[in-house]
Amino acid sequence: MKKRVALLGATGSIGRQAIEIVEAHPDLALCAVTSGSTPLDDIDAPLKQVGGDLEGILDESRPDVVLNAVVGFAGIHATLWALEHGVDLALANKESLVAAGELALAAQRRGGGRILPVDSEHSALFQCLEGRAPEQVDSLVLTGSGGPFRGRTRDELTEVTTEEALAHPTWRMGPKITIDSATLANKGLELIEAHFLFGIPYDRIEIVLQPTSIVHSLVRFRDGAALAHLGYPDMRVPISHALTYPERAATPLAPLDLTSLTLVFEPPDLETFPMLRLAREAGEKGGSYPCVFNAANEAAVAAFLEGRLRFLDIAEVVADALARADGAPARDVEDLLEVDRAARAIPVA
Ligand SMILES: NC(=O)c1ccc[n+]([C@@H]2O[C@H](COP(=O)([O-])OP(=O)(O)OC[C@H]3O[C@@H](n4cnc5c(N)ncnc54)[C@H](OP(=O)(O)O)[C@@H]3O)[C@@H](O)[C@H]2O)c1
């Protein structure tokens with residue numbers, strides 16, 4: 001029997017690479033594909049949907065695994081659907097886990113859905129942690145490239161253009177996550193994602209820059225050992241890992257040529273990139289603060305991409321939204337939708 005894959009966000013950067021993985025693997029089959037507005041004519045799948053409610057097509061397609069590759073909070077219902085229904089969730093859509101947080105974990109406890117991370121750092125951590133008892137783990141180290149503006153000062157970022165911010169040094173991705181990588185909001189979202197995925201407190205999750213994106217993350221253990229996950233920056237590896245778990249199917253990638261590499265690590269600059277500090281504060285405060293962080297960031301990034309906001313103002317908008325919010329925990333999805341809506345309503349221009 002083939003594993004039935006519902007691919008949400010099939011027309012995006014992750015979506016297209018996922019199709020490549022599914023087509024190359026004889027035991028995987030698409031049972032449904034969706035997009036926000038792009039036509040799906042060139043994709044072969046029994047069920048297709050452009051726009052609309054994602055839960056309906058999930059009910060109808062009966063997937064074994066949902067690959068949530070939608071961008072942004074729009075992926076929330078699909079994440080909760082998979083967790084509630086006990087269906088494997090291959091999670092690229094980090095925003096839904098960040099925003100839903102405890103609500104997502106409660107849905108997972110009720111439904112038993114397993115989360116298989118697609119974010120490369122979390123896939124790395126998942127693999128380094130696999131089979132280890134929690135008490136053996138000392139801390140997690142999330143790595144990041146630092147984005148296109150690593151090494152710059154705030155003064156040098158006042159006038160940066162969308163084109164410059166979209167020129168990521170190591171990864172080719174959709175526009176929203178590429179801007180998040182330039183502000184380091186992406187690493188902030190990943191910090192909160194790691195906290196919820198692995199149940200590790202924030203003070204035991206460190207962020208370190210590794211500019212060539214070869215080391216995808218590390219786990220430090222209590223005996224002093226650190227296990228790292230290395231590989232070329234290519235999302236087909238974590239996508240394949242999540243879709244074929246625990247089989248670890250072959251991919252067409254070249255093996256890592258170690259003698260060609262020099263690995264350099266450095267701390268992130270929190271002065272120049274305040275989004276990382278704001279994300280950590282939002283995560284530590286808990287409640288609905290991570291949802292506010294995510295929503296305000298989405299609104300600000302959209303405004304920046306449309307030329308209505310300057311690069312450095314993205315963090316200002318998010319700081320403002322966090323300062324205005326009461327952070328009360330969302331009791332249910334309706335509460336969460338309201339928190340998300342209110343945080344976006346803050347004027348960004
Ligand atoms: N790209 C990467 O390498 C990478 C790495 C790690 C994690 N991620 C995460 O993976 C997710 C997808 O990223 P991406 O780079 O693939 O984004 P992307 O290229 O912008 O693709 C986003 C996908 O979501 C669909 N979509 C957009 N708005 C939607 C809505 N309101 N309802 C339903 N579908 C909607 C898009 O459809 P249309 O084509 O119709 O707009 C598209 O298929 C993000 O959460 C990102 O953080 C991405």
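Ligands are counted one by one from 1 in listed order, and the atoms in each one are counted from 1 as well.
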Residue pair [X] / [Y], side-chain heavy-atom distance below 4.5 Å:
{"X": "I192", "Y": "Y202", "value": "yes"}
{"X": "V50", "Y": "T38", "value": "no"}
{"X": "L191", "Y": "R280", "value": "yes"}

Between [Y] and [X], is there a side-chain donor-acceptor contact under 3.5 Å, judged purely by atom types and distance?
{"X": "E121", "Y": "S123", "result": "no"}
{"X": "H25", "Y": "T244", "result": "no"}
{"X": "K94", "Y": "N186", "result": "yes"}

Which of the numbered atoms in ligand 1 are below 4.0 angstrom from a heavy atom of [X]?
{"X": "A10", "answer": "43 (O)"}
{"X": "S37", "answer": "38 (P), 40 (O)"}
{"X": "N93", "answer": "45 (O)"}
{"X": "M235", "answer": "3 (O), 5 (C), 6 (C)"}
{"X": "I177", "answer": "4 (C), 5 (C), 6 (C), 7 (C), 8 (N), 15 (O), 46 (C), 47 (O), 48 (C)"}
{"X": "E95", "answer": "44 (C), 45 (O), 47 (O)"}

Could you find the nearest protein heavy atom to [atom] and give me its residue, atom name and distance?
{"atom": "atom 28 (N) of ligand 1", "answer": "V71 CG1, 4.3 Å"}
{"atom": "atom 15 (O) of ligand 1", "answer": "G174 N, 2.8 Å"}
{"atom": "atom 30 (C) of ligand 1", "answer": "A74 CB, 3.7 Å"}
{"atom": "atom 12 (C) of ligand 1", "answer": "A69 O, 3.3 Å"}
{"atom": "atom 21 (O) of ligand 1", "answer": "G12 CA, 3.1 Å"}
{"atom": "atom 7 (C) of ligand 1", "answer": "D119 OD1, 3.2 Å"}
{"atom": "atom 41 (O) of ligand 1", "answer": "T38 OG1, 4.1 Å"}

Going by heavy-atom distance to [atom], choose the closest among [options].
{"atom": "atom 11 (C) of ligand 1", "options": "N68, L8, V70", "value": "V70"}
{"atom": "atom 33 (C) of ligand 1", "options": "A92, A18, S13, G36", "value": "G36"}
{"atom": "atom 43 (O) of ligand 1", "options": "T11, L40, T178, T34", "value": "T11"}
{"atom": "atom 13 (O) of ligand 1", "options": "I14, N186, V118, D234", "value": "I14"}
{"atom": "atom 47 (O) of ligand 1", "options": "H77, Q49, K94", "value": "K94"}

Exercise for the section: For a side chain to side chain contact (heavy atoms under 4.5 Å, CB included) with K3, tell me which candidate from D27, V65, V22 qualifies. Expected result: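 Testing K3 for a side chain to side chain contact (heavy atoms under 4.5 Å, CB included) against D27, V65, V22 leaves exactly one candidate, V65.
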Exercise for the section: May I ask you to check whether over 12 heavy atoms, not counting those of E271, lie within 6.0 Å of atom CD? Expected result: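 Open: at most 12 neighbouring heavy atoms sit under 6.0 Å from CD of E271.
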Exercise for the section: Give a yes or no on this: more than 12 heavy atoms of other residues, nucleotides or ligands lie within 6.0 Å of atom CG of D59. Expected result: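 Result for CG/D59: enclosed.
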Exercise for the section: Anything under 30° is parallel, anything over 60° is perpendicular, the rest tilted; go ahead and classify H216 against W171. Expected result: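 Tilted, since the angle between the ring planes falls between 30° and 60°.
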Practice task
Under the side-chain contact (heavy atoms from CB on, under 4.5 Å) rule, what do L336 and I76 come out as? Steps first, then yes or no, please.
Solution key: CA-CA 10 Å; L336 198 67; I76 192 91; 3.8 Å; yes
Handout entry: Nitrogen or oxygen atoms of G72 and ligand 1 under 3.5 Å apart
Key =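 In this structure, G72 places no N or O atom under 3.5 Å from an N or O of ligand 1.
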Problem - Pair H241 + Y245: ring centers closer than 6.0 Å - result: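 Here the rings of Y245 and H241 have centres that are less than 6.0 Å from each other.
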